[in-house]
Each structure stands twice: as structure tokens, then as C-alpha cells.
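Input: a single structure, listed below in C-alpha cells.
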Amino acid sequence: MINITFPDNTIKSFEEYPNAMDVARSISEGFARNCVAAEINDDLCDLSCEIKQDSRLKFITVKDDAAVEILRHSAAHVMAEAVQNLYKDAKLTIGPVVEDGFYYDIDMESVSEDDFPKIESEMKKIIKAKKPFTRINVTKDQALELFKDNPYKIELIQGLEDQQISLYRQGEFTDLCRGPHIPHTGMIKGVKLMKVSGAYWRADQTKAQLQRLYGTAFFDKKELKKYLHIMEEAKKRDHRKLGIKLDLYSFHKEAAGMPFFHAKGMDMWNALLAYWRDVHRAAGYVETKTPVMLNRKLWEQSGHWENYRENMYTSVVDEEEYAIKPMNCPGGMLLYKTKSHSYRELPLRAGEIGLVHRHELSGALSGLFRVRAFHQDDAHIFMTPDQIEEEILGVLKLANKIYSKFGLGFHLELSTRPKKSIGTDAQWKEATDGLENALKKYGQEYFINEGDGAFYGPKIDIHIKDAIGRTWQCGTIQLDMALPMRFDLTYTGKDNEKHRPVMIHRVIYGSIERFFGILVEHFAGKFPLWLAPVQAVILPINDALAPYGEKIKQELESSGLRCEIDTRTESLKKKIREAQLNYIPLIITMGEKEKTSSTLSVRTLDGKVRMGISMEDFLKPVFKHIRLRSLEEKIL
RNA sequence: GCCCAUGUAGCUCAGGCGGUAGAGCGCUUCCUUGGUAAGGAAGAGGUUCACCGGUUCGAAUCCGGUCAUGGGCUCCA
């Protein structure tokens, strides 16, 4: 007799060895139909898995997050079979589940999206056949024999430590796989191929070029539809399209990867930086500036010449070699050294909006997200070792304050000592503990990336989450144990001796260009009033009112509002539509009534219109909203 | 940097199996002078289809190269 214990601690007994599916059926047929896999004593396995001893059992049903991953893994097998059926020479390699779907890397002739319908319809055939997934255990030798025509699988099998190897079969198709899988292919209700691209075997450029076919799958067709809809929405928000439509910036082949900011983009940029300067001044930072181009000798001293040279632009001036800065820190070191420092001055927080250039691979460039020239909202904080915790905590709080201003959530990651690194164990421990204690004190959950720190010190990365749930690394706080040493930075302590300060580099916006792009997508172009490139537009109802409109425009501008006027001989309806589509927060229509009564009629983006407001009643709430840099949609 | 795809008017895109280029939006002008999400008409715009070269009587179309963009790989703020 076998006793099965469920998560709620109820126990059910079985006379013979049941498999998980039998147990599910014993609860109810309907429940069993929604089961995807099982966890037997915390081990994830198929429903067909036989239970031969008393066990704890938890079912994974279609409602669990883990279930969709299993489904997608199974869908990858279905896609592999479909491809195999259509392209006899295709050699399968690996097919993992990724965020939002799955892919399979296949050594085959190159395919394009035009080939998708044919592959999809082959997949649908397999799905319709409701082929059961069956697990087969074989020895390593048997597996090698079975896949003898596929060098990739051979390599994978040889890399496996177990002598027992599991395969999964659906119908005629068999693939090497750890599992688990859904009971049968019929559970894949919504499936779609998304894109295709090249990828190298084992991500190694010297190895074979494979076709990577991406797809996604859901238990429900509606879920797929919803997902495709979100993708569409994301596409509409794409800052490469939206920002250009809104006349914020542009890209030109004459300077690939180096964005051009237009007047409206600069208005936003300046608003962003004005905010940054306000909060940094309040947090005890000073602002500095260092040159863009510095002598090679400095980069040799900092170590960049040795470690970062392939990313640096260089030039020769008066027969001396110079490099355009890829980072601000070496310049910051020179600033620190312009005078002697006392412990009384520490922590010294020196901010710098620094323009850096990095020669990124041409294929890596992407809109504002990945560029070759960008500004960092950098700061170097020099301090005594016992100030680490407090200072890191201060940066975390500042970051939280800034991201919250935009309604962006975030999560934290701590990266620890990598294999290749400088410094002693004791130094690393002190530094890492400092970061970790600050994180603990800060109180928000954080992840640890073991060995992912910089060679010169541990770091905290801040990943923000935008309005549609995508995450981006923006902020980073890096402790640097190398530069203070290389540049022999010192301060005089209480004991009147020279000491080495601890230094951190930190950014919060990160790359201002990238952050800008994230904001465009986060707000989908509908910026809060304080950021909006055009805050108000005046629409005279007819040509005769244009001069009066100009007068009002000047009045608003002189109070500090970013304002435009649309005097085209177009219908009011059309002007309103355009203003609305350009997300101008305050749309001011101007007719005879307004002129004679000296009032304003204001339409906001929610479509609401308020007529007959006095200038004072308009300006007061508007400037309050701007001064608070409010995220509220309601302005008036 | 590598692989694949793309590159036609300011924008979005159609066309083109080789015979010399189109639409909508935008822009200009005119009519309309309009009260809260597209009023109407006419016109200008491509040094001729990213750039360079080749094949050809003839190339936007075919071929090769370059550049840029997009999707990936890699890397990263």
C-alpha cells in the first residue's frame, strides 16, 4: 500500500503503484484534465511517473506559472518535429524555454518568416493528433547510437554525467530531453512562431551557424491573443518610432549609434536634468565636469588602456595619443587630487553628467537603448571604509526617490567577486559586506549574482520595470578598490596619518539616452506635464483670432510654460485631433468668447473640456503640478 | 564583429520576372472661418528607387561590394 500526502496534508492510500495521473483521476476527471505535471517529493516529473513509495505529491495545473513553461518546452518539441518533417536534413541542437516562449536552434537551410505558415500548419497537425509524450530511459551508449547522425546531440550526450539518459517521444519523433512534458500535444491550444534569427552552436562564432526559431505557446487561445496584443502595444511604444514621430530625436548614418536630439527632445532632456540636479543638490552632491578627451598616459594609469582599449576611440594631437573617455572616473581621480583632503570632508559626493563614447559592435546598436555616445549621470563618492554602508544606503534611497518620480518599480542585484579580480580577500569581504549590509538595511529583497562583480570591486545593479513589465538595467553602484590605489588617493585621518579613501561609482538614470528611451516607451509618449516637450498648445478657432492667440502664447511662455500655437487654416476638429495624438497635456482653444471674457477653454488628454477659466485659475494648478513634478493625470 | 532580412518622396508604404516611378499622410496655394478627435480643391516634392561597381542596347528591378537599419549571437549604461 502507498500513501500519498498532498500539500494540504491530507493523505490518500493506493493499493498498487499509481502514476501521478491515476492519483489526479482519483480526485476527479476534470481536475486530471487540467493537470500538466507533478512534483513528487519536490522533484518535478511527468504525470505518467509511477510512484513506488510513500510520497508527497503536488500537482502542477494549467493555472500554475510552472505549467506554461512545461507547455512551451513541449511546444518546442512539436516545432522540432514539424521542422524535421518538412526539412529532412535539419539537425536539432537545443531548444530551451525562454521568457515569453521558447526557441530551438536547428542546423538547417536558412528559413524566413515566409516559411512560418507551413511550419505552423505542420505543428497544428501534430497538436491535433494529441500525441502522448512518453519518457524513455536509455543508457548513454544506446543514446549515442540513436543520435549517431546528429553531431550536436552526440556532443550533448557526451557532456552528460549520468549514465541513464532520458528521451521523450511523441509519435514517431524522439528527442533527447530531461523533461518533464505535458501529457499530450493536444494541450497546446495557442501556438505561434515569432521570429527567426541566426545563432551559433554554443554561442561560439567559430562554430556552426544555426537557425534559431522562436515561438510561443499557451494553454488557451485567448492567452495567445492577449500576448500578441501586448506585443502590438509594445511595438506602438517603440521609442525608435514614437520618439521620431514626436520630433524628439533622430538617427543618422553619418554618426551611427550617436543620437541627435531635437529641440523638443532637449526640452525633455533639460527637464530631466533639472530634476536630477535638484535632488542631488538636496542629497549633498556637488557637480563637476571633466574633459571628453584625455591623454593616453592617464588611461594607462587607470588600467583602461589595458582592459578597455578595444572599446575606446583614439586620436593623435601634437604627436601625443589621446583617447575619448569611455568612463568618467579617471578624470574624477584627477579632480580629487587637485588638493589634499581631510577626513572631515568625507564623504565627498561629486556628480558629473559625463559624455562618454564607447565603440560598441555595430550589430549591438539599437535606438537609444544601445548607443556609442551617451551621457552618464555619474557620481564618485569618496569616503572612509566605515562610511560604505551609510553611503550605499543613501544612493539606494536616492535611486528609489528618482525612479518613483516616474512610476518605475525596480529590483536589486548584488554581484560578488569574480574569478579574475584584484585586491585581498579581506578587502573584498569588507566591501561586499558593506554593500550587503546596506541592502539589508534598505529592506528590499535582492538577488545575488555570484562572481558577476567587476574585477575592481563588487556592485549593486538596479533593474527598473516599465509600464508593460519589461525590465532594464539602469542604475549601478560599484565599489572600486583599484582606482584609489592606482592614483594613490589619500585623505588625512583623525590620527594625522594618510589613509586610502574608498570610492564608489554610481549612476541612477544610467545612460541618460537609454533612460530617455525607456521613458518614451514607459509613458507611450504621454508624458507627465513637467516632462512633456510641449506642455500647452493654443488653437485659435479662426484666422482672425491668431494675433490674440499669439499674445496669450507669449504670456504663457513668459510664465515659463512650453507652449505652441497652431495657426494653420485647418478646422478646429483637426487641430484638436492632432494635439491629442501628439499628447499635448493642455489644449487651449481660443474663440471670441474667450477673447471678450479674457478666459481660457482648456481640454486635457482625458478629453474633458473646461470652459471660461481665468488665467489665474489656470496657471495656479498648472504650475503647482509642474513644481511637484506630479505623475497625476489630473491637472485642473 | 558574425548570421539573416530590409533600404523607393519629409513620414508610412505600393510597384517592379530588365524598357526608364505611384498612393496616403505631411508641405505650399486657393476656397471654407469652422466651438472640441480628420472640411474641400489644386500644386510642388524623388539630382530616378541608400551608395559604389558589374552584366546588358537598356538596371529601381539581376549580380558583387560598401554603408545604414531591423531581428538574433556576443557584449553592456
Side-chain angles (χ1 to χ4, degrees), chain A residues 98 103 105 109-114 194-214 235 238 240-241 244-245 247 250-257 308 310-311 326-328 354 356 358-378 454 461-464 472-476 478 505-518 539-546 568-582 587-594 601-605 607-611:
Chain A
V98 290
Y103 69 79
D105 282 350
E109 64 185 82
S110 89
V111 290
S112 74
E113 296 197 6
D114 299 339
M194 300 303 290
K195 55 195 171 193
V196 58
S197 70
Y200 297 103
W201 172 236
R202 302 250 141 131
D204 183 342
Q205 276 187 29
T206 63
K207 302 229 167 100
Q209 171 79 31
L210 310 170
Q211 297 290 310
R212 176 168 294 182
L213 281 159
Y214 285 85
K235 221 172 169 178
D238 190 327
R240 290 168 297 191
K241 292 271 178 200
I244 287 159
K245 187 187 142 216
D247 195 18
S250 55
F251 300 94
H252 304 273
K253 70 161 76 168
E254 288 79 357
Y308 206 72
E310 66 278 17
N311 280 310
M327 297 181 197
N328 302 302
V356 297
R358 299 181 184 175
H359 185 84
E360 299 294 342
L361 294 178
S362 60
L365 303 179
S366 176
L368 290 178
F369 287 171
R370 198 64 194 281
V371 293
R372 284 178 170 160
F374 60 100
H375 295 74
Q376 291 183 304
D377 63 321
D378 214 344
D461 287 327
I462 312 176
H463 297 252
I464 62 174
W472 310 95
Q473 200 215 305
C474 285
T476 173
Q478 308 189 344
H505 317 250
R506 48 109 283 184
V507 290
I508 293 177
Y509 287 153
S511 150
I512 299 172
E513 281 78 354
R514 177 186 287 182
F515 193 76
F516 198 112
I518 291 168
L539 309 180
I541 207 163
N542 61 40
D543 294 350
L545 284 154
R568 293 173 306 163
T569 52
E570 294 289 353
S571 67
L572 184 66
K573 274 178 192 288
K574 184 163 182 165
K575 292 183 191 182
I576 286 170
R577 180 181 147 85
E578 282 183 16
Q580 195 77 47
L581 291 175
N582 282 315
I587 300 167
I588 301 170
T589 47
M590 183 83 44
E592 282 301 333
K593 266 187 250 167
E594 286 75 18
S601 288
V602 184
R603 182 183 167 116
T604 40
L605 288 180
K608 284 195 186 125
V609 181
R610 265 157 275 253
M611 316 255 259

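We name chains A, B, ... by the order of the sequence lines, and we start the count at 1 in each one. Predicted model only: the values in this text are computed from it and were never measured. Scope of the values below: all heavy atoms of this structure, side chains included, with no hydrogens, waters or symmetry mates.
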For this session: Could you check whether A/Gly354 gets within reach of a base, just the sugar-phosphate, or nothing at all, counting any heavy atom under 4.0 Å?
Result: nothing
Exercise. Rounded to the nearest Å, what distance is computed from the CG atom of residue A/Asn311 to the P atom of nucleotide B/C76?
Worked result: 9 Å
Problem set entry | Length of the CE-C1' vector between A/Met327 and B/C75, whole Å | 12 Å
Exercise. On a whole-Å scale, what distance lies between the C1' atoms belonging to B/A59 and B/U28?
Worked result: 34 Å
Exercise. Do the side chain of A/Gln580 and the main chain of A/Leu605 share a donor and acceptor less than 3.5 angstrom apart?
Worked result: yes
Exercise. What is the distance, rounded to the nearest whole Å, between atom CE of A/Met194 and atom C1' of B/G70?
Worked result: 15 Å
Seminar exercise, completed: One should read off an interatomic distance between A/Leu361 CG and A/Asn311 CG, to the nearest 0.5 angstrom, of 7.5 Å
For this session: Check for a donor-acceptor pair, side chain of A/Arg603 on one end and backbone N or O of A/Val609 on the other, with a separation under 3.5 Å.
Result: no
Problem set entry | A/Ile576 or A/Gln473, whichever maps to the more 5' nucleotide of RNA chain B | A/Ile576
For this session: For A/Arg603, report the nucleic acid contact type (base, sugar-phosphate, nothing); a contact means any heavy atom under 4.0 Å.
Result: base
For this session: Taking only the side-chain heavy atoms of A/Ser366 (C-beta and beyond), determine which of B/A68, B/U36, B/G71 contains the nearest atom.
Result: B/G71
Exercise. NA contact type, A/Arg240, heavy-atom cut-off 4.0 Å: base, sugar-phosphate, or nothing?
Worked result: sugar-phosphate
For this session: Considering only atom C1', compute the distance from B/G19 to B/G26 and round it to an integer number of Å.
Result: 33 Å
For this session: Take atom C1' in B/U6 and the same atom in B/C13, then report the distance between them in whole Å.
Result: 13 Å
Problem set entry | Value in whole Å for how far the C1' atom of B/A77 lies from CZ of A/Arg514 | 5 Å
Exercise. Counting any heavy atom closer than 4.0 Å, what does A/Ala364 reach on the DNA or RNA strands: base, sugar-phosphate only, or nothing?
Worked result: base
For this session: Have a look at A/Glu513 and say if it touches a base, only the backbone sugar-phosphate, or nothing, with a 4.0 Å heavy-atom cut-off.
Result: nothing
Exercise. Checking all strands, does A/Tyr214 fall into the base, sugar-phosphate, or nothing category for heavy-atom contacts under 4.0 angstrom?
Worked result: sugar-phosphate
Exercise. CG of A/Leu605 versus P of B/U36: gap in Å, rounded?
Worked result: 18 Å
Exercise. Any donor and acceptor pair, going by atom type alone, linking the side chain of A/Asp377 with main-chain N or O of A/Val507 inside 3.5 Å?
Worked result: no
Exercise. Given the C1' atoms of B/G65 and B/C75, what is the spacing between them in whole Å?
Worked result: 28 Å
For this session: Look only at the side chain of A/Glu513 and the backbone of A/His375, and say whether a donor-acceptor pair between them is shorter than 3.5 Å.
Result: yes
Exercise. Going 5' to 3' along nucleotides 29-35 of chain B, which nucleotides have protein heavy atoms under 4.0 Å from the base (write B), which only from the sugar-phosphate (write S), and which from neither (write -)?
Worked result: ---BBBB
For this session: Mark yes or no for whether A/Asn542, through its side chain, and A/Leu545, through its backbone, hold a donor-acceptor pair below 3.5 Å.
Result: yes
Exercise. Do A/Arg372 and B/A77 have a side chain to base donor-acceptor pair shorter than 3.5 Å?
Worked result: no
Exercise. Heavy atoms under 4.0 Å, any strand shown: does A/Val609 hit a base, just sugar-phosphate, or nothing?
Worked result: base
Problem set entry | Atom pair CZ (A/Arg358) and CZ (A/Phe374), whose distance is rounded to the nearest 0.5 Å | 3.5 Å
Problem set entry | Base-pairing string, 5' to 3', of RNA chain B - Watson-Crick or wobble, under 3.5 Å, | interstrand | (((((((..((((.....[..)))).(((((.......)))))......(((((..]....))))))))))))....
Exercise. P atom, B/A37 versus B/C73: distance in rounded Å?
Worked result: 45 Å
Exercise. Hey, is A/Arg568 close enough to A/Glu578 for a salt bridge, meaning N to O under 4.0 Å?
Worked result: yes
Exercise. Is there a donor-acceptor contact under 3.5 Å from the side chain of A/Asp461 to the main chain of A/Gln473?
Worked result: no
For this session: Please state the P separation for the pair B/A23 and B/A9 - nearest whole angstrom.
Result: 14 Å
For this session: Report which part of the nucleic acid A/Val371 touches: base, sugar-phosphate, or nothing (heavy-atom distance under 4.0 Å, all strands).
Result: base
For this session: Round to the nearest Å and state the distance from A/Phe251 atom CZ to B/G10 atom P.
Result: 19 Å
Exercise. Mapping A/Leu581 and A/Gln376 to their closest nucleotides on RNA chain B, which lands nearer the 5' end?
Worked result: A/Leu581
Exercise. Between A/Phe369 and A/Trp472, is the ring centre distance below 6.0 Å?
Worked result: yes
For this session: Taking atom P in both B/U69 and B/C11, compute the distance separating them and give it to the nearest angstrom.
Result: 15 Å
Problem set entry | Distance, C1' atom - from B/U47 to B/A60, rounded to whole angstrom | 15 Å
Exercise. So, is A/Arg370 near the phosphate of B/A77, with a side-chain N or O under 4.0 Å from OP1 or OP2?
Worked result: no
Exercise. To the nearest angstrom, how far is A/Leu539 atom CG from B/U36 atom C1'?
Worked result: 9 Å
Seminar exercise, completed: One should read off an interatomic distance between A/Ile587 CD1 and A/Thr604 OG1, to the nearest 0.5 angstrom, of 8.0 Å
Exercise. Are A/Arg212 and A/Tyr103 in a cation-pi contact, defined as NZ or CZ under 6.0 Å from the six-membered ring centre and within 45° of the axis?
Worked result: yes
Exercise. Rounded to the Å, how far apart are A/Lys195 NZ and B/G72 P?
Worked result: 3 Å
Exercise. What does A/Lys608 touch in the nucleic acid at a heavy-atom separation under 4.0 angstrom: a base, only the sugar-phosphate, or nothing?
Worked result: nothing
